[in-house]
Asker: 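Have a look at the structure that comes next, please.
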2 protein chains.
Amino acid sequence: MSDIATRKPKERKRGSGVQFVYNVLRDEILDLALAPGSPIDEIQLAERLSMSRTPIREALVRLAAEGLVTTLPNRSTVVANIDFLNLHTFFDAITLMYRVTTRLAALHHQPGDLVVIRARQAEFAKAVEDQDALAMIATNREFHAAIAAAARNPYYESLFLRLLDEGRRLLRLYYSAFNDRLPQQYVIEHEDMITAIAERDVEKADKLASEHADQIVAQIRNMIARDHRQQIAL
Amino acid sequence: MSDIATRKPKERKRGSGVQFVYNVLRDEILDLALAPGSPIDEIQLAERLSMSRTPIREALVRLAAEGLVTTLPNRSTVVANIDFLNLHTFFDAITLMYRVTTRLAALHHQPGDLVVIRARQAEFAKAVEDQDALAMIATNREFHAAIAAAARNPYYESLFLRLLDEGRRLLRLYYSAFNDRLPQQYVIEHEDMITAIAERDVEKADKLASEHADQIVAQIRNMIARDHRQQIAL
DNA sequence: TGTATTTTTTTTGTCGACATAAATTCCACG
DNA sequence: CGTGGAATTTATGTCGACAAAAAAAATACA
């Protein structure tokens, strides 16, 4: 069992309780440690994290506001399901956010931003080199989050982060299929995007982000189709 | 004083407490009944709504997740400020959401949708006819929310609703200046948008939404500039 | 044996109380 | 009279307990 979730009581500072529960639950949901659709028992959680139900409930309210859990009135709250029937709305939105944030990053990035973005890209490249699929998923998210931060639009940023998280969950589902030669292609595409941003070439950044998004969407679609065939074969 | 906020205790059903507090606070924040930056006292609120602090805190957590209040750790939560310095990010985002939702509504609207949209438009037209600025603000929001619902993309919809609410707060600030001849123009533009959606003319819908957004942005900018001149003149 | 109804159990929503961190007041000292 | 620090007050974060609503189990009846 994980360490952070079973920490001794009274080791935490006052005021960090809700944040702590939020982080634990969020990670477990995005890592699929908590299965989509599974109910969350407040009392059980309270015992596991050795705290009262109050901070746990507040964390759940926050997660509900972000769409990571669904609260049924007077009944248990459940981990949000993955809506395979409407994945196209997800693909549509994340593609647009890839484009908009990359575009605005080219327009508005400030001195320190590129340093951060390049650092994230280095981490992603390392994950690819190590063939560590889980690290790829995580570092890829951080790379694009860094670009979104440089775009300096909190509205786009918050939607994009939400979409990236949802994508993390989706990729987790199929991460075993994530070790063909595509990731190397992503490294190159990332490099091109960085260059376009650095040169403040807005149209090029937009175009690259759009192609990048299409690649990722196509890959996810592929993985789902492959998985679907396997399920039928069984 | 308002009626709904001073209702007798025990008249409400169990389970609706948080929702009730959320609605009250949300309305008061968006109506500027609670000034941006002003602190929210949990105890005072608890007494006013005659309930315990627990449901009030949960409502505050939800409002914080939506950006309507800001929570300072171990200190009071305050009504979110209006960030005049970064309004361009707001205008940018809401313009894009106007376009995307109208575009997708033209693409994906289903039989019942147009009925709802036309009903909202009728309400907006009535508010314009009555020269009721506050009703204009409210009905205009509902009109575009109906289009967003017809676009059938929950990600765009939630961001757009958030932006429309923020816009409602902005317009409230200057609603006295909201009685020139522009609103009549909006009625016509709305009609054109409905027609384009009904004809499933995606490009036309996009173009109209884009122009409509530019109009609104220009008007808000105007009102701010006018207000700014007045403040200087004083 | 299967179904409807009542009883029991479980779990959520709300409450009042206490502990702790800021903010404020008060006081000592220069 | 002003400044620094201790004491007080205020408000937040957390807790355990109770009441009401669902869910589950047990019982009655056809």
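To find a chain, count down the sequence lines: A is the first, B the second, and so on, and within it residues start at 1.
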Asker: Contact list please: residues 63-72 of chain A against DNA chain C, heavy atoms, distance less than 4.0 Å, in numerical order.
Answerer: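 Contacting residues: none.
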Asker: Give one of base, sugar-phosphate or nothing for B/Ile40, where a contact means two heavy atoms less than 4.0 Å apart.
Answerer: sugar-phosphate
Asker: Of the nucleotides D/dT12, D/dC15, C/dG13, which has the atom closest to the A/Pro55 side chain?
Answerer: D/dC15
Asker: Salt bridge or not between B/Glu142 and B/Arg120? Use side-chain N to carboxylate O under 4.0 Å.
Answerer: no
Asker: With B/Asp165, which residues qualify under salt bridge (Lys or Arg N to Asp or Glu O under 4.0 Å), at least two apart?
Answerer: B/Arg26, B/Arg141
Asker: Strictly under 4.0 angstrom, non-hydrogen atoms only: write out the protein contact profile of nucleotides 16-23 of chain D, one letter per nucleotide from the 5' end, B, S or -.
Answerer: -B-BBSSS
Asker: Would A/Arg57 and B/Thr54 count as having a side-chain donor-acceptor pair, cut-off 3.5 Å?
Answerer: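 There is no such pair (donor and acceptor under 3.5 Å, judged by atom type) between the side chains of A/Arg57 and B/Thr54.
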Asker: Please state how far atom OH in B/Tyr22 lies from atom C1' in C/dT14, giving the value in whole angstrom units.
Answerer: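 Answer to the nearest Å: 21 Å.
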Asker: Which residues pass the side-chain contact (heavy atoms from CB on, under 4.5 Å) test with A/Ala119, not counting sequence neighbours?
Answerer: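 A/Ala119 satisfies side-chain contact (heavy atoms from CB on, under 4.5 Å) with no residue once adjacent residues are dropped.
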Asker: Rounded to the nearest 0.5 Å, how far does CD1 of A/Ile147 lie from CG of A/Leu104?
Answerer: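 Between A/Leu104 CG and A/Ile147 CD1, I get 12.0 Å after rounding to 0.5 Å.
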Asker: According to salt bridge (Lys or Arg N to Asp or Glu O under 4.0 Å), who are the partners of A/Arg169, at least two apart in sequence or on a separate chain?
Answerer: A/Glu166
Asker: Side-chain donor-acceptor pair under 3.5 Å between B/Tyr155 and A/Asp92, yes or no?
Answerer: no
Asker: I need the full list of side chain to side chain donor-acceptor pair (under 3.5 Å) pairs touching residues 62-73 of chain B, with sequence neighbours left out, sorted by first then second residue.
Answerer: B/Gln19-B/Arg62, B/Tyr22-B/Glu66
Asker: Separation of B/Phe20 atom CZ from C/dT14 atom C1', in whole Å?
Answerer: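 Going from CZ in B/Phe20 over to C1' in C/dT14 covers 15 Å.
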